[in-house]
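Residue numbers run from 1 in the order of the sequence given. Any value given below was found using the heavy atoms of this structure, including those in side chains, with hydrogens, waters and symmetry copies removed. Owing to the predicted nature of the structure, the values given are computational and were not obtained by experimental measurement.
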Amino acid sequence: MIHQGSCHCGRIAFEADTEIETVMECNCSHCARKGYLLHFMPREKLRLTTPEANLSTYTFNKHAIKHRFCEICGCAPFGEAVDPKRGHTVALNVRCIPALDLVTLKVKQVDGRSL
Ligand SMILES: [Zn+2]
């Protein structure tokens, strides 16, 4: 299924070819502040429909994950990193997919704060 998502102002927009059933909610200092609900998928299944240059990037800790966000409206649609096992992986913030009914999703709580 193709899901269409974007930041609030539309400067970052994407199509994600994936099935979204379970999402991850993490309580670490970064995820909790942004309120992410994350779905993991291969990077090649995410197609940007706006220029790559519109992505701003935040990194912290080991600076391995590129947390992408829009510098105009502040929304953070996804993060990406190269995982040794899974390859180039995206953590999609499903809150940026307006047509997705979030109450139908299973939410897996991850205790990232204790890791
Ligand atoms: Zn924006």
Side-chain angles (χ1 to χ4, degrees):
M1 181 169 177
I2 308 277
H3 297 277
Q4 294 185 321
S6 64
C7 69
H8 190 256
C9 74
R11 209 164 160 267
I12 299 170
F14 59 85
E15 291 180 348
D17 184 0
T18 190
E19 304 302 321
I20 302 173
E21 288 164 6
T22 302
V23 293
M24 188 193 91
E25 185 169 37
C26 171
N27 65 3
C28 85
S29 61
H30 181 252
C31 291
R33 279 177 170 80
K34 286 193 169 148
Y36 282 144
L37 286 176
L38 296 175
H39 168 76
F40 292 86
M41 58 184 283
R43 176 63 181 83
E44 70 260 23
K45 297 289 188 182
L46 183 76
R47 193 172 72 84
L48 289 174
T49 56
T50 48
E52 181 102 23
N54 291 3
L55 301 172
S56 292
T57 303
Y58 175 64
T59 66
F60 66 100
N61 193 12
K62 294 172 186 163
H63 303 278
I65 305 170
K66 290 176 178 166
H67 299 279
R68 307 295 203 179
F69 67 97
C70 172
E71 67 181 32
I72 304 299
C73 69
C75 293
F78 64 95
E80 56 186 312
V82 178
D83 181 273
K85 285 180 199 153
R86 291 188 286 190
H88 196 168
T89 300
V90 159
L92 192 62
N93 181 10
V94 302
R95 291 190 184 278
C96 292
I97 301 172
L100 195 63
D101 187 1
L102 299 181
V103 298
T104 64
L105 302 174
K106 271 183 247 161
V107 180
K108 185 182 172 201
Q109 302 291 335
V110 172
D111 186 14
R113 185 167 295 193
S114 302
L115 296 176

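Between the CZ atom of Phe14 and the SG atom of Cys7 there is a distance of 9.5 Å, given to the nearest 0.5 Å. Put simply, CD1 on Ile12 and SG on Cys96 are 8.5 Å apart, with the number rounded to the nearest 0.5 Å. To the nearest 0.5 angstrom, Arg11 atom CZ is 9.0 Å from Leu55 atom CG. In this structure, Arg113 CZ and Cys26 SG are separated by 9.0 Å, a value rounded to the nearest 0.5 Å. Atom SG of Cys31 and atom CE of Met24 lie 5.0 Å apart (nearest 0.5 Å). With rounding to the nearest 0.5 angstrom, the CG atom of Leu105 is 7.5 Å from the CG atom of Leu37.
Residues Thr18 and Ile2 form no side-chain contact, since every pair of their non-hydrogen atoms from C-beta on lies 4.5 Å or further apart. Taking the side chain as every heavy atom from C-beta outward, Phe78 and Leu46 approach each other to under 4.5 Å. Side-chain contact between Glu21 and His39 is absent, with no heavy atoms from C-beta onward closer than 4.5 Å. With a 4.5 Å cut-off on side-chain heavy atoms, Tyr58 and Arg68 do not count as touching. Considering only heavy atoms from C-beta on, Thr89 stays 4.5 Å or farther from Glu80 through its side chain. Leu38 has its side chain out of reach of Val23: every pair of non-hydrogen atoms, C-beta onward, lies at least 4.5 Å apart. Counting heavy atoms from C-beta on, the side chains of Leu100 and Ile20 come closer than 4.5 Å. In this structure the side chain of Leu92 reaches within 4.5 angstrom of the side chain of Ile97, judged on heavy atoms.
Scanning all heavy atoms of the two residues, the minimum distance from Lys34 to Ala76 falls at CD-CB, 4.0 Å. When all heavy atoms are compared, the tightest approach of Thr50 to Gly10 is CG2-O, 3.8 Å. In this structure, Pro98 and Gln4 approach most closely via the heavy-atom pair CD-O, 3.8 Å. Taking each heavy atom of His8 and Cys73 in turn, the nearest pair found is N-SG, 3.4 Å.
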Original post:
Passes side-chain contact (heavy atoms from CB on, under 4.5 Å), Leu102 versus Val94? Steps please.
Top reply: CA-CA 8 Å; Leu102 299 181; Val94 302; 3.9 Å; yes

Subject >> Test log, rule side-chain contact (heavy atoms from CB on, under 4.5 Å), inputs Gln109 and Val107 >> reply: CA-CA 6 Å; Gln109 302 291 335; Val107 180; 3.6 Å; yes

Subject >> Residue pair Asp101, Thr104: steps toward the side chain to side chain donor-acceptor pair (under 3.5 Å) verdict >> reply: CA-CA 6 Å; Asp101 187 1; Thr104 64; 5.0 Å; no

**OP:** Decide yes or no on side-chain contact (heavy atoms from CB on, under 4.5 Å) for Asn27 and Val110, but give the supporting numbers first.
**Re:** CA-CA 7 Å; Asn27 65 3; Val110 172; over 6 Å; no

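Checking side-chain atoms of Ser56 against main-chain N and O of Cys70 turns up no donor-acceptor pair under 3.5 Å. Between the Thr59 side chain and the Lys66 main chain, no donor and acceptor come within less than 3.5 Å of each other.
Annotation: side-chain hydrogen bond (donor to acceptor under 3.5 Å, both in side chains) contacts of Arg86 (sequence neighbours excluded): none. Partners of Asn61 according to the side-chain hydrogen bond (donor to acceptor under 3.5 Å, both in side chains) rule, which considers only residues two or more places apart in sequence or in another chain, do not exist here. Annotation: side chain to side chain contact (heavy atoms under 4.5 Å, CB included) contacts of Ser29 (sequence neighbours excluded): Arg33.
The aromatic rings of His67 and Tyr36 lie parallel to each other, with less than 30° between the two planes, well short of the 60° mark.
Transitive grouping of hydrophobic side chains (ILVMFWY, heavy atoms separated by less than 4.5 Å) brings Leu48 and Val90 into a common cluster.
More than 12 heavy-atom neighbours from other residues, nucleotides or ligands sit within 6.0 angstrom of NE2 on His88.
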